[in-house]
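Here is how names work: the chains are called A, B, and so on, in the same order as the sequence lines, proteins then strands, and each is numbered from 1.
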Amino acid sequence: MPKLSKDYYLQTDVVYLAKDLLGKTLFTLFDSQLTGGIITETEAYAGITDKASHAYGNRRTKRTEIMYHAGGEAYVYLCYGMYSLFNVVTNIEGVPHAILIRAIKPVEGIAEMERRINKTIKSDKTTQGPGKLSRVLGIHYSHSGISLAGNSIWIEDNNLRLNDSQIITSPRIGIDYAKEDALLPYRFVATL
DNA sequence: CGGCCGATCCACT
DNA sequence: GTGGATCGGCCGA
């Protein structure tokens with residue numbers, strides 16, 4: 001179960017990577033509790049030319065600075081005052097690309113996940129949604145900037161290979177403010 | 001410093 | 001289908 005290499009995240013085609021991350025497994029290890037799930041939904045955010053991206057127009061703030069780092073870090077931010085949304089930073093240093101992970105299918109540490117949300121996981125719906133998957137995995141916006149090569153949050157390739165027939169492509173969710181860029185086919189969903 | 005708002009979720013009708 | 005929760009980030013003054 002090899003961890004994805006640093007070079008993997010340095011690849012420059014963020015849309016390709018968003019699709020490629022489907023079927024890989026996202027793990028966290030916090031408080032000696034290992035939890036993980038297969039990535040089943042992603043969205044690509046294509047940097048300074050993408051009106052949906054926090055880095056649109058080359059905007060640099062303390063928060064978005066993480067996206068300008070070299071690929072292989074977590075970009076996690078607070079949304080609606082209560083949800084931590086987890087993104088994978090990609091591309092070389094200076095190019096602020098990121099991939100939002102929107103859903104997982106739990107495979108490891110399910111009891112711990114249930115403890116974190118204080119209810120049982122009855123269907124995959126419980127871990128579908130960017131706010132929900134961060135909660136079950138214990139990811140918090142204070143984790144923004146940590147390396148995916150470390151031992152807190154990482155992604156493994158478990159050699160699950162998907163056919164194109166198992167992948168649905170669509171526009172991204174919740175970004176109407178991005179006008180014409182809201183129509184870009186940058187969202188990928190795996191049907192497992 | 002004040003005010004607006006969001007890459008969401010859930011309870012309710 | 002709809003609205004409320006809830007607060008850090010961002011912008012303009």
Check your understanding: Parallel, tilted or perpendicular for A:His143 and A:Phe30, by the 30°/60° rule?
Key -> parallel
Practice item. Find the distance A:His140:NE2 to C:dT6:C1' and express it as a whole number of Å. Key: 13 Å
Point to revise | side-chain contact (heavy atoms from CB on, under 4.5 Å) partner of A:Phe188, chosen from A:Ile167, A:Leu162, A:Thr40 | key: A:Ile167
Revision key, fill the gap. In whole angstroms, the gap separating P of B:dC9 from CD1 of A:Ile173 amounts to 10 Å
Review point. Of the non-hydrogen atoms in A:Met113 and A:Val136, which two are nearest, and what is the gap between them?
Key: CG-O, 3.5 Å
**Study point:** Contact residues, residues 85-116 of chain A to DNA chain B [heavy atom, < 4.0 Å]
**Key:** A:Leu85, A:Asn87, A:Leu100, A:Arg102
Point to revise | Steps toward side-chain hydrogen bond (donor to acceptor under 3.5 Å, both in side chains) verdict (A:Tyr8, A:Asp20) | key: CA-CA 10 Å; A:Tyr8 179 87; A:Asp20 193 66; 2.6 Å; yes
Check your understanding: Can you name the closest pair of heavy atoms from A:Tyr141 and A:Ser84 and give their distance?
Key -> N-OG, 2.9 Å
Revision key, fill the gap. Those residues at least two apart in sequence (or on a different chain) that pass salt bridge (charged side-chain N to carboxylate O under 4.0 Å, His left out) with A:Glu156 are none
Practice item. Using the six-membered ring of A:Tyr45, assess whether NZ or CZ of A:Arg172 lies under 6.0 Å from its centre and within 45 degrees of the ring axis. Key: yes
Review point. Which word best sums up how the rings of A:Phe27 and A:Trp154 line up, parallel for under 30°, tilted for 30 to 60°, or perpendicular for over 60°?
Key: parallel
Check your understanding: Looking at A:Glu112 and A:Arg115, does any basic side-chain N land under 4.0 Å from a carboxylate oxygen?
Key -> yes
**Study point:** Whole-Å gap separating C1' (C:dG8) and OH (A:Tyr77)
**Key:** 12 Å
Review point. Stacking between A:Tyr80 and the base of C:dA5 (centre distance under 5.5 Å, interplanar angle under 30°)?
Key: no
N/O-N/O pairs, protein side and nucleotides 9-13 of chain C side, under 3.5 Å:
from   : atom 1 : to      : atom 2 : distance (Å)
C:dG9  : O3'    : A:Arg63 : NE     : 3.3
C:dC10 : OP1    : A:Thr61 : OG1    : 2.8
C:dC10 : OP1    : A:Arg63 : NE     : 3.0
C:dC10 : OP1    : A:Arg63 : NH2    : 3.4
C:dC10 : OP2    : A:Thr61 : OG1    : 3.0

Review point. Who are the side chain to side chain contact (heavy atoms under 4.5 Å, CB included) partners of A:Val189, not counting sequence neighbours?
Key: A:Glu41, A:Ile168, A:Arg187
Study note, to complete from the structure: All heavy atoms of A:Ala98 vs all of A:Met67, minimum pair found to be CB-SD, 3.7 Å
Review point. For A:Tyr177 and B:dC5, is the shortest distance between a side-chain N/O and OP1 or OP2 below 4.0 Å?
Key: no
Exercise for review: Could you tell me the separation between the CZ atom of A:Arg187 and the P atom of B:dT8, rounded to a whole number of Å?
Suggested key: 10 Å
Check your understanding: Any side-chain heavy atom of A:Val107 sitting closer than 4.5 Å to one from A:Thr25?
Key -> yes
Review point. Starting at the 5' end of DNA chain C, what dot-bracket string do you get if Watson-Crick and G-U pairs under 3.5 Å are bracketed, crossing pairs use [ ], other-strand pairs use | and unpaired bases use dots?
Key: |||||.||||||.
So which protein nitrogen or oxygen atoms get under 3.5 Å of nucleotides 10-13 of chain B's nitrogens or oxygens?
none

